[in-house]
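Below is one structure; the comments refer to it alone.
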2 protein chains.
Amino acid sequence: MSRALRDVPGVALRTRERVKAAAAEVGYVSNVSGSRLATGKTGTIAIVVPTAARWFFGQAIAGAGAVIRGAGLDVLLYELGDAAGRQRLFAEHGLRGRADAVLVLSLNLSGSETRLLQQLGVPVAVLGVGPASFSSVVVNDQLAAESALRHLINLGHEVIGLIGIDNGSDVTSGSVPPIARVAGYRAAVSSAGMSLDPDLEQLDENSAAGGAAAMTRLISGPVMPTAVFASSDEMAFGALHVLRSAGIRVPADMSIVGFDNHDFAAVVDLTTVDQNVLAQGQAAARLVLAALANPGAAPTTASVPTRLVIRRSTAPPQPLRRRLEATDTTQN
Amino acid sequence: MSRALRDVPGVALRTRERVKAAAAEVGYVSNVSGSRLATGKTGTIAIVVPTAARWFFGQAIAGAGAVIRGAGLDVLLYELGDAAGRQRLFAEHGLRGRADAVLVLSLNLSGSETRLLQQLGVPVAVLGVGPASFSSVVVNDQLAAESALRHLINLGHEVIGLIGIDNGSDVTSGSVPPIARVAGYRAAVSSAGMSLDPDLEQLDENSAAGGAAAMTRLISGPVMPTAVFASSDEMAFGALHVLRSAGIRVPADMSIVGFDNHDFAAVVDLTTVDQNVLAQGQAAARLVLAALANPGAAPTTASVPTRLVIRRSTAPPQPLRRRLEATDTTQN
DNA sequence: ACGCGGGTCGCAAGCGCTTGCAAGTGCAGT
DNA sequence: ACTGCACTTGCAAGCGCTTGCGACCCGCGT
């Protein structure tokens with residue numbers, strides 16, 4: 001008897017126990033498909049993500065997954081992979097009926113994608129800025145970037161470069177942060193009375209290679225900054241590599257601050273803005289669980305705080321001084 | 001008519017088209033739960049993994065996921081998280097009826113866990129060494145470690161340290177490689193006519209912090225090695241950090257080689273053993289798909305080749321020379 | 001023109017579970 | 001001892017899909 005196994009009221013305690021004992025004896029396990037059909041619920045939440053192979057998404061998946069599993073639900077993982085994969089998932093009815101809710105991690109949803117998600121008829125929450133019709137968890141990227149910049153400004157830096165994220169046409173990348181972080185950079189620089197210089201803003205793809213390329217452009221440009229704000233730690237890592245190869249010492253010759261607090265930021269002593277991605281994932285999952293529990297409710301927006309983590313990649317600018325020999329280019 | 005939509009033979013072409021057109025018009029999408037109940041297949045493969053938040057598993061999930069999705073199946077992600085989560089998944093019938101097959105990534109399965117998986121009655125494949133009853137994809141860790149060691153030996157190193165993985169009681173860690181890599185280290189050292197010294201073998205948890213701790217012990221031990229083999233890149237990163245802080249230059253004063261070819265190995269110029277984790281994930285998925293297509297078949301073992309990637313963290317040992325000033329401890 | 005057979009079509013019987021409901025049980029009140 | 005009520009129990013009707021099978025249609029051969 002189904003009611004006994006599921007602890008539904010309306011069954012005498014004795015009967016319940018008898019039934020459970022019998023079930024255990026035979027090794028009976030209720031068939032999931034049957035109950036899904038009968039109830040219409042799948043007990044599953046879909047997580048849609050560009051790829052699981054990048055740090056940010058790994059963190060977010062782990063955070064969200066823990067909360068979802070804690071609620072007794074399963075997680076169905078959809079990695080978009082590339083544009084074709086993205087198309088496939090959204091265009092066909094790839095998600096229909098497979099999950100009770102969906103969690104979209106850091107994707108710039110197009111209008112039609114938003115519409116398709118709505119037509120699914122299940123709660124949707126997004127990580128990052130998204131359509132107003134969905135719950136979302138955000139980080140104040142602009143403010144966070146500004147705080148990083150103020151740190152550099154307070155140290156006395158007057159020529160500060162930007163390494164920004166240029167998503168280009170890459171579907172595996174995130175959403176709005178790129179712009180917001182650039183805006184934070186500009187706001188802080190301007191309000192410190194310094195002028196904005198396009199040569200000091202170098203955008204590239206969000207990766208170590210992109211960061212390296214951007215830094216290369218900065219240190220070979222018309223004005224050499226004494227400090228650089230990188231929009232992601234991965235880009236900062238690439239930038240550090242270039243600096244090391246070029247014999248430019250950090251932080252003596254150049255300060256650098258990143259964004260993320262990636263696991264390896266501590267390993268390379270990178271000052272960075274900590275955005276707790278794990279917590280963001282958890283918050284997003286909680287939002288979607290709340291929507292599931294209370295279907296009528298209006299979409300909510302949760303905000304996760306950031307904080308600046310100061311390590312040893314930032315220091316006051318060195319006043320005109322002769323450059324030491326770069327004896328250590330190969331040092332790690 | 002179900003047969004028309006699914007392109008099952010036995011339906012006239014004209015009828016099929018008519019049905020499809022009508023379905024499209026009404027926006028009809030077949031109910032997944034219904035078909036699952038009727039067919040007994042879920043169209044889903046479960047991936048069991050300690051956590052999605054680490055590089056290795058992110059890569060493996062992405063690799064396996066791409067193949068699974070390519071076959072038109074969904075992936076259900078189970079992260080163990082901790083011992084309790086592991087217990088929960090295996091002990092209760094957490095997986096029963098939810099997936100047509102399961103892929104276990106890098107877990108040392110206990111006897112009872114193996115038995116429970118077998119009782120699921122679905123194909124199981126594992127990434128890493130596992131029970132003979134399951135298909136598996138492996139890497140020859142010992143040979144790979146030996147090749148790394150031979151590289152150091154050929155460079156002329158005669159005192160080579162080991163930073164090894166000590167899983168301790170951590171469930172979120174992997175399987176057999178720790179031992180195999182240590183064995184490779186010992187085999188190569190011995191066969192080069194050098195003697196093994198317990199002080200040169202430092203085990204710690206597989207993380208940057210663990211690598212740092214192990215390296216600290218090595219450079220403060222009774223014999224100072226001129227080269228070190230680290231069993232994972234993450235440990236090597238931590239080790240590099242310690243060396244930099246200590247003013248020990250790489251590779252001038254100390255060579256170091258890692259294992260993994262982690263995304264950031266290139267960024268820190270780390271010589272390392274590339275084990276194509278993405279390919280391992282793909283291979284594991286293919287194994288499980290094959291088992292699904294051909295239920296009777298005996299378990300297979302696929303082997304993924306490794307290769308040594310030489311970067312700038314290894315060089316011949318410097319013969320007795322005076323140590324330069326460590327002016328650059330803060331450099332990045 | 002009639003019969004036959006290959007090819008289609010549509011009905012209906014499940015798949016295993018949930019749940020409303022009628023029947024049944026036991027106990028307290030009269 | 002009988003009636004009434006609250007609580008249990010077990011039955012049966014779906015949930016939406018797949019699939020075996022009988023009914024049917026049409027065109028061919030005789």
Side-chain angles (χ1 to χ4, degrees), chain A residues 1-46 71-74 76 92-102 119-123 292-293 295, chain B residues 1-46 71-74 76 92-102 119-123 292-293 295:
Chain A
M1 182 152 234
S2 160
R3 272 175 276 240
L5 280 324
R6 284 178 307 142
D7 291 327
V8 172
V11 179
L13 183 62
R14 233 182 66 76
T15 321
R16 188 187 301 287
E17 281 172 350
R18 203 160 41 80
V19 173
K20 282 191 174 174
E25 184 143 3
V26 192
Y28 169 86
V29 183
S30 105
N31 177 302
V32 190
S33 302
S35 71
R36 284 183 182 175
L37 176 57
T39 59
K41 321 230 106 268
T42 61
T44 298
I45 291 183
L73 301 174
D74 287 336
L76 208 40
E92 332 256 316
H93 308 273
L95 285 169
R96 183 145 256 147
R98 284 162 213 279
D100 296 339
V102 5
Q119 287 170 1
L120 245 36
V122 301
L292 219 41
Chain B
M1 183 153 230
S2 159
R3 273 175 276 238
L5 281 324
R6 284 179 308 141
D7 293 327
V8 172
V11 179
L13 183 62
R14 234 181 67 74
T15 321
R16 188 186 301 285
E17 281 171 351
R18 204 161 39 81
V19 173
K20 281 190 175 176
E25 184 143 2
V26 193
Y28 169 86
V29 183
S30 105
N31 177 301
V32 191
S33 302
S35 72
R36 284 183 182 176
L37 176 56
T39 59
K41 321 230 104 267
T42 61
T44 297
I45 291 183
L73 301 174
D74 286 337
L76 208 40
E92 331 256 315
H93 309 274
L95 285 170
R96 182 144 257 149
R98 284 162 215 279
D100 296 339
V102 4
Q119 288 170 1
L120 245 36
V122 301
L292 218 39

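To find a chain, count down the sequence lines: A is the first, B the second, and so on, and within it residues start at 1.
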Supply the atom-to-atom distance A/Asp74 CG to B/Leu76 CG, rounded to the nearest 0.5 angstrom. 5.0 Å
Using the salt bridge (charged side-chain N to carboxylate O under 4.0 Å, His left out) rule, take B/Asp100 and B/Arg36 through it: C-alpha gap first, then chi angles, then the decisive distance, then the call. CA-CA 11 Å; B/Asp100 296 339; B/Arg36 284 183 182 176; over 6 Å; no
Where the side chain of A/Ala38 is concerned, which of D/dC15, C/dT8, C/dG14 is the nearest nucleotide? D/dC15
Give me the one residue out of A/Thr39, A/Thr44, A/Ile45 that meets side chain to side chain contact (heavy atoms under 4.5 Å, CB included) with A/Thr42. A/Thr44
Length of the CG-P vector between B/Asn31 and C/dG16, whole Å: 17 Å
For C/dT8 and B/Arg3 - does any side-chain N or O of the residue sit under 4.0 Å from the phosphate oxygens OP1/OP2? no
On DNA chain C, more 5' by nearest nucleotide between A/Val32 and B/Arg14 is B/Arg14
Any B/Arg6 side-chain N or O less than 4.0 Å from OP1/OP2 of D/dC17: no
Counting C-beta onward and ignoring hydrogens, is there a side-chain heavy-atom pair between B/Arg18 and B/Thr15 closer than 4.5 Å? yes
I want to confirm an ordering. Mapping B/Gly34 and B/Gly10 to their closest nucleotides on DNA chain C, which one lands closer to the 5' end? B/Gly10
d(CZ, B/Arg16; P, C/dG7) in whole Å: 15 Å
Output the rounded distance in Å from CG (A/Leu5) to P (D/dT9). 14 Å
Just the rounded figure in Å: distance from P of D/dC17 to CZ of A/Arg36. 16 Å
Of B/Leu37 and B/Val8, the one whose closest DNA chain D nucleotide lies more 5': B/Leu37
Determine the contact category for A/Ser33: base if any of its heavy atoms lies under 4.0 Å from a base atom, sugar-phosphate if only primed atoms, P, OP1 or OP2 are that close, otherwise nothing. nothing
Minimum-distance nucleotide to A/Ser35 side chain [options: C/dC17, D/dT8, D/dC17]: C/dC17
